Amino acid sequence: MITNATITIFNGRMDKEERRMKYFPTVIRGVSYQEAKGATVASNGVWGENVNYKIRIPLVGSDIQDKRLYMPCLEYAKLEDAEIPAYWTIKKGDLIVRGECPDDPMYEDALNTLARDFSLDLIHVTEYADNTIGGSLYVRHYRIGGN
C-alpha cells in the first residue's frame, strides 16, 4: 500500500457537563489518502461540488501517536475520560483533517475555526471498515470514507 499522508482523527464523545460533542485527536502518520472532487451537472447548469475521501490506515507501517491502541467504537464509548489518551477508534460522525493538529481535545466549533484558519479540509466520516482480518499482514488496513 502506498502511503502518502499524515492525518489527525478526532474521536467524538459526548461531554455530559457541556451537553455537546468533545473531540479527542490522534495523529496517524503513514496513511493512504485519496481525494476525489467532482460536480453534479444537469441540463440547467452545474449544481454543486462533490468531494469524497478514501483513507486507508495500514496495520503494518503506520505510526499512531503515542502507540495508542485501536478499540472498536462500542467499547471506546464505554471508556472513562482518564482512559481516552491510550486508545483511538473510528466511527461515523468522527472528524479528520490532513496533517497534524494540536493534541488538546476540542469542541466542534473550535475544530471548525481551526480548519478555517489553516485552510484544512474537515472530513466527516461517513463509512468505515475494519479490514484487518484475513489476507497478508501487509494488506490489512482500516478503510475510512468521508466527505
Side-chain angles (χ1 to χ4, degrees), residues 1-40 48-147:
M1 179 180 305
I2 296 174
T3 57
N4 60 355
T6 297
I7 63 166
T8 303
I9 185 166
F10 290 88
N11 299 129
R13 291 176 52 92
M14 183 57 69
D15 183 336
K16 293 175 183 158
E17 291 179 14
E18 293 287 325
R19 291 192 277 180
R20 59 186 183 149
M21 292 298 279
K22 190 174 196 176
Y23 291 89
F24 295 82
T26 299
V27 175
I28 305 174
R29 295 173 193 81
V31 304
S32 172
Y33 179 94
Q34 296 175 328
E35 178 179 322
K37 292 186 179 182
T40 303
E49 185 177 308
N50 301 324
V51 183
N52 293 307
Y53 300 90
K54 293 291 181 206
I55 299 168
R56 288 176 176 80
I57 304 169
L59 196 59
V60 173
S62 59
D63 177 25
I64 298 171
Q65 178 182 355
D66 301 330
K67 306 292 185 219
R68 294 178 185 177
L69 300 174
Y70 174 80
M71 181 176 280
C73 61
L74 295 176
E75 292 176 33
Y76 184 86
K78 297 175 186 175
L79 292 175
E80 298 295 325
D81 284 350
E83 299 172 303
I84 295 297
Y87 300 97
W88 70 283
T89 193
I90 307 166
K91 70 177 187 322
K92 291 180 182 180
D94 282 348
L95 303 171
I96 297 174
V97 297
R98 186 171 183 178
E100 294 187 33
C101 287
D103 195 29
D104 300 323
M106 58 183 78
Y107 296 105
E108 191 167 6
D109 54 344
L111 192 49
N112 284 324
T113 300
L114 177 79
R116 185 184 65 241
D117 290 349
F118 291 98
S119 300
L120 302 171
D121 290 330
L122 192 57
I123 303 164
H124 295 262
V125 175
T126 57
E127 62 176 323
Y128 65 93
D130 182 346
N131 297 328
T132 60
I133 300 170
S136 165
L137 184 61
Y138 296 99
V139 298
R140 296 178 186 179
H141 63 280
Y142 301 101
R143 181 183 51 79
I144 302 171
N147 53 31

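Side chains are part of it too, since the values below use all heavy atoms of this structure and drop only hydrogens, waters and symmetry mates. Bear in mind the structure is a predicted one, so any value in this text is a computation, not a measurement.
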Determine whether a donor-acceptor pair (N or O, by modelled atom type, separation under 3.5 Å) exists between the side chain of [X] and the backbone of [Y].
X: T8; Y: V97; answer: no
X: N11; Y: D94; answer: no
X: R140; Y: V60; answer: no

Flag the pair [X] / [Y] as yes when at least one side-chain heavy-atom distance between them is below 4.5 Å, and no otherwise.
X: E108; Y: N112; value: yes
X: D15; Y: Y107; value: yes
X: T3; Y: P58; value: yes
X: E75; Y: T89; value: no
X: L114; Y: P102; value: yes
X: C101; Y: L120; value: yes
X: I7; Y: I123; value: no
X: Y76; Y: R13; value: yes

Working to the nearest 0.5 angstrom, can you tell me the gap between [X] [atom1] and [Y] [atom2]?
X: H141; Y: S32; atom1: NE2; atom2: OG; result: 8.5 Å
X: T132; Y: L59; atom1: OG1; atom2: CG; result: 6.0 Å
X: K22; Y: D81; atom1: NZ; atom2: CG; result: 7.0 Å
X: I57; Y: Y70; atom1: CD1; atom2: OH; result: 9.0 Å
X: L79; Y: Y87; atom1: CG; atom2: OH; result: 6.5 Å
X: R143; Y: I55; atom1: CZ; atom2: CD1; result: 11.5 Å

Any idea which heavy atoms bring [X] and [Y] closest together, and the distance?
X: A115; Y: L122; answer: CB-CB, 4.3 Å
X: R68; Y: I64; answer: O-CG2, 3.8 Å
X: C73; Y: Y128; answer: SG-OH, 3.4 Å
X: T26; Y: Q65; answer: CA-OE1, 3.5 Å

Exercise. Decide side-chain contact (heavy atoms from CB on, under 4.5 Å) for K92 and T126; before the verdict, give the C-alpha distance in whole Å, the side-chain angles of both, and the deciding distance to 0.1 Å.
Key: CA-CA 5 Å; K92 291 180 182 180; T126 57; 5.9 Å; no

Practice problem: Determine, stepwise, if the pair N50 / N147 fulfils side-chain contact (heavy atoms from CB on, under 4.5 Å). | Solution: CA-CA 8 Å; N50 301 324; N147 53 31; over 6 Å; no

Practice problem: Anything under 30° is parallel, anything over 60° is perpendicular, the rest tilted; go ahead and classify Y53 against Y33. | Solution: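 Ring orientation, 0 to 90° scale: tilted.
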
Practice problem: Tell me, with the steps shown, if F10 and F24 meet side-chain contact (heavy atoms from CB on, under 4.5 Å). | Solution: CA-CA 5 Å; F10 290 88; F24 295 82; over 6 Å; no

Would the number of heavy atoms belonging to other residues, nucleotides or ligands and lying under 6.0 Å from [atom1] of [X] be above 12?
X: E18; atom1: CD; answer: yes
X: L137; atom1: CG; answer: yes
X: L69; atom1: CG; answer: yes

Exercise. Could you tell me whether E127 and K54 have a side-chain N and a carboxylate O separated by less than 4.0 Å?
Key: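 Yes, this pair counts.
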
Quiz item: So D121 and V51, side-chain contact (heavy atoms from CB on, under 4.5 Å) or not? Walk me through it.
Solution: CA-CA 10 Å; D121 290 330; V51 183; 5.8 Å; no

